[in-house]
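In this text, all values refer to a predicted model and were calculated from it rather than measured experimentally.
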Amino acid sequence: QVQLLESGGGLVQAGGFLRLSCAASERTFSDYAVGWFRQAPGKERDIVAGVSRTGMNTYYPDSMKGRFTISRDNAKNTVYLQMNNLKPEDTAVYYCAAALMVADTIPRTRYDYDDWGQGTQVTVSG
């Protein structure tokens, strides 16, 4: 089991940016794909970005392309989510999640991930 700790959330004005970090406890973190998800009150928890074990492959839903960038540093056991040009509708709790993988691919739904962080709040004021 991987323990994950998100950080970097906060309050930002529309048009601003934040970088979220997800630090993992597992020394074999490079065996895991990682996804960033978000959940607003009353809504489903949806993926906003994913990165494969090696970092060679990334995934973004069509609605997320262009503003969010996911990356990882396996030497630091950390995955990042750079969020630019933030909008009020980006307000949510953001979670990172890990999935143990053999292939260098990225699970797309929350049901494919076994380990979750506690979440970090992102609030974008209009």
Side-chain angles (χ1 to χ4, degrees):
Q1 185 175 6
V2 182
Q3 294 185 343
L4 303 170
L5 181 64
E6 302 96 335
S7 61
L11 174 64
V12 63
Q13 291 185 339
F17 63 90
L18 285 173
R19 188 176 83 153
L20 305 183
S21 298
C22 173
S25 63
E26 179 59 50
R27 286 181 293 177
T28 57
F29 187 51
S30 59
D31 289 343
Y32 294 80
V34 175
W36 279 100
F37 292 76
R38 71 184 183 186
Q39 187 168 22
K43 295 190 176 182
E44 296 288 321
R45 186 175 299 189
D46 294 322
I47 193 168
V48 298
V51 63
S52 65
R53 295 172 51 203
T54 65
M56 291 293 292
N57 300 304
T58 57
Y59 165 73
Y60 305 93
D62 288 342
S63 58
M64 294 293 114
K65 291 180 180 178
R67 297 191 299 121
F68 289 10
T69 303
I70 190 170
S71 61
R72 69 188 297 163
D73 184 341
N74 283 340
K76 296 182 178 179
N77 283 1
T78 303
V79 172
Y80 305 97
L81 182 68
Q82 179 69 39
M83 304 187 295
N84 298 327
N85 190 23
L86 284 163
K87 303 175 181 180
E89 51 264 42
D90 295 318
T91 296
V93 178
Y94 284 71
Y95 300 88
C96 66
L100 184 63
M101 301 292 291
V102 174
D104 199 33
T105 56
I106 305 158
R108 304 289 178 90
T109 76
R110 66 181 188 268
Y111 306 107
D112 299 316
Y113 290 82
D114 299 313
D115 301 302
W116 292 82
Q118 85 292 345
T120 186
Q121 176 71 46
V122 171
T123 302
V124 184
S125 64

Query raised in the report: Which residue pairs pass the disulfide bond (SG atoms under 2.5 Å apart) test with at least one member in residues 2-111, sequence neighbours excluded?
Result: Cys22-Cys96
Smallest separation among heavy atoms of [X] and [Y], with atom names:
{"X": "Ala97", "Y": "Phe37", "result": "CB-CE1, 4.1 Å"}
{"X": "Arg110", "Y": "Glu44", "result": "NH2-OE1, 3.1 Å"}
{"X": "Pro107", "Y": "Ala99", "result": "CG-CB, 3.9 Å"}
{"X": "Tyr95", "Y": "Glu6", "result": "CA-OE2, 3.3 Å"}
{"X": "Tyr113", "Y": "Ala33", "result": "CE2-O, 4.1 Å"}
{"X": "Thr54", "Y": "Arg72", "result": "C-CD, 4.3 Å"}

Report summary line: For Tyr94, the hydrophobic cluster (side chain heavy atoms closer than 4.5 Å, chained through members) also holds Val2, Leu4, Val12, Leu18, Leu20, Phe29, Tyr32, Val34, Trp36, Val48, Val51, Tyr60, Met64, Phe68, Ile70, Val79, Leu81, Met83, Leu86, Leu100, Val122, Val124
Report summary line: Students should find that the hydrophobic cluster of Met56, defined by side-chain heavy atoms under 4.5 Å apart, otherwise consists of none
Report task. Could you go through the side-chain hydrogen bond (donor to acceptor under 3.5 Å, both in side chains) check for Asp104 and Ser52 one step at a time? Result -> CA-CA 5 Å; Asp104 199 33; Ser52 65; 3.0 Å; yes
**Report entry** Donor-acceptor contact below 3.5 Å, side chain Ser63 vs main chain Pro61
**Finding:** no
Query raised in the report: Taking Ser25 for the side chain and Gln3 for the main chain, is one N or O donor matched with an acceptor at less than 3.5 Å?
Result: yes
Requested in this report: Give the intermediate values and the outcome of salt bridge (Lys or Arg N to Asp or Glu O under 4.0 Å) for residues Asp90 and Arg38.
Outcome: CA-CA 9 Å; Asp90 295 318; Arg38 71 184 183 186; 2.8 Å; yes
Requested in this report: Output, in order, the C-alpha distance, side-chain angles, deciding distance and verdict of salt bridge (Lys or Arg N to Asp or Glu O under 4.0 Å) for Arg53 and Asp31.
Outcome: CA-CA 6 Å; Arg53 295 172 51 203; Asp31 289 343; 3.4 Å; yes
Report task. Find out whether Arg67 and Lys87 are in side-chain contact, i.e. whether some heavy atom of one side chain is under 4.5 Å from a heavy atom of the other. Result -> yes
**Report entry** Beyond-backbone contact of Arg45 with Val93, side-chain heavy atoms, under 4.5 angstrom
**Finding:** no
Report task. Check whether more than 12 heavy atoms from other residues, nucleotides or ligands sit under 6.0 Å from atom CD of Gln118, and answer yes or no. Result -> yes
